[in-house]
Amino acid sequence: MADVTTPKPNVYYELGLCHGIGKDAILLKQRGASLPADFAGAHYYEYTLEDLEPHQAALADMIKRWSSEHHAHEVNALK
């Protein structure tokens, strides 16, 4: 999982490594933030700071679905 709201070279590097070795990554982005062209076609979860509670629930559901689809059930144990 990576938040790409603000430009951070180390985050981009780590996402590149994930992509290079075929690992999934969940991208997060604050609503209204612009992304570099490299991320223009990427799927990401968009959130707002004003109302985080529904976003937290939606993200938790997304992670549960992902862990079930990828047989990574130990991810659900993380808090």
Side-chain angles (χ1 to χ4, degrees):
M1 186 176 319
D3 192 325
V4 293
T5 300
T6 57
K8 294 182 181 151
N10 62 319
V11 172
Y12 298 157
Y13 176 75
E14 291 166 4
L15 286 171
L17 288 175
C18 286
H19 180 74
I21 62 174
K23 296 289 183 180
D24 289 330
I26 296 172
L27 300 180
L28 306 173
K29 178 184 103 54
Q30 191 173 8
R31 184 171 292 144
S34 59
L35 296 176
D38 300 42
F39 289 106
H43 295 279
Y44 52 85
Y45 183 82
E46 192 171 68
Y47 65 91
T48 61
L49 294 177
E50 291 80 30
D51 194 15
L52 285 177
E53 194 170 322
H55 298 294
Q56 289 171 329
L59 187 56
D61 288 342
M62 182 189 311
I63 291 169
K64 285 180 185 175
R65 276 195 316 274
W66 177 89
S67 66
S68 177
E69 291 170 6
H70 293 87
H71 308 289
H73 301 289
E74 63 277 0
V75 170
N76 289 330
L78 299 174
K79 300 284 180 193

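Contact record, Tyr45 with Pro54: OH-O, 4.4 Å, taken as the closest heavy-atom pair. Among all heavy-atom pairs drawn from Glu46 and Arg31, the shortest one is OE1-NE, 3.3 Å.
Considering only heavy atoms from C-beta on, Asp3 comes within 4.5 Å of Tyr47 through its side chain. The shortest side-chain heavy-atom distance between Leu35 and Val4 falls under the 4.5 Å cut-off. When side chains are defined from C-beta on, Leu17 does not count as touching Lys23, because their heavy atoms never get closer than 4.5 Å.
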>> The test is side chain to side chain contact (heavy atoms under 4.5 Å, CB included); show your working for Gln30 and Thr48 and say whether it passes.
In response: CA-CA 6 Å; Gln30 191 173 8; Thr48 61; over 6 Å; no
> Does the pair Leu28 and Leu59 meet the rule for a side chain to side chain contact (heavy atoms under 4.5 Å, CB included), with working shown?
Replying inline: CA-CA 9 Å; Leu28 306 173; Leu59 187 56; 3.9 Å; yes
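Once rounded to the nearest 0.5 Å, the distance linking CD of Glu14 with NE2 of His19 reads 16.0 Å. Atom CE of Met1 is separated from atom CG of Leu27 by 10.5 Å, given to the nearest 0.5 angstrom.
In this view, Tyr12 satisfies the side-chain hydrogen bond (donor to acceptor under 3.5 Å, both in side chains) rule with no residue, not counting sequence neighbours. Listed by chain and residue number, Thr5, Lys29 satisfy the side-chain contact (heavy atoms from CB on, under 4.5 Å) test with Ala33 (two or more places apart in sequence, or in another chain).
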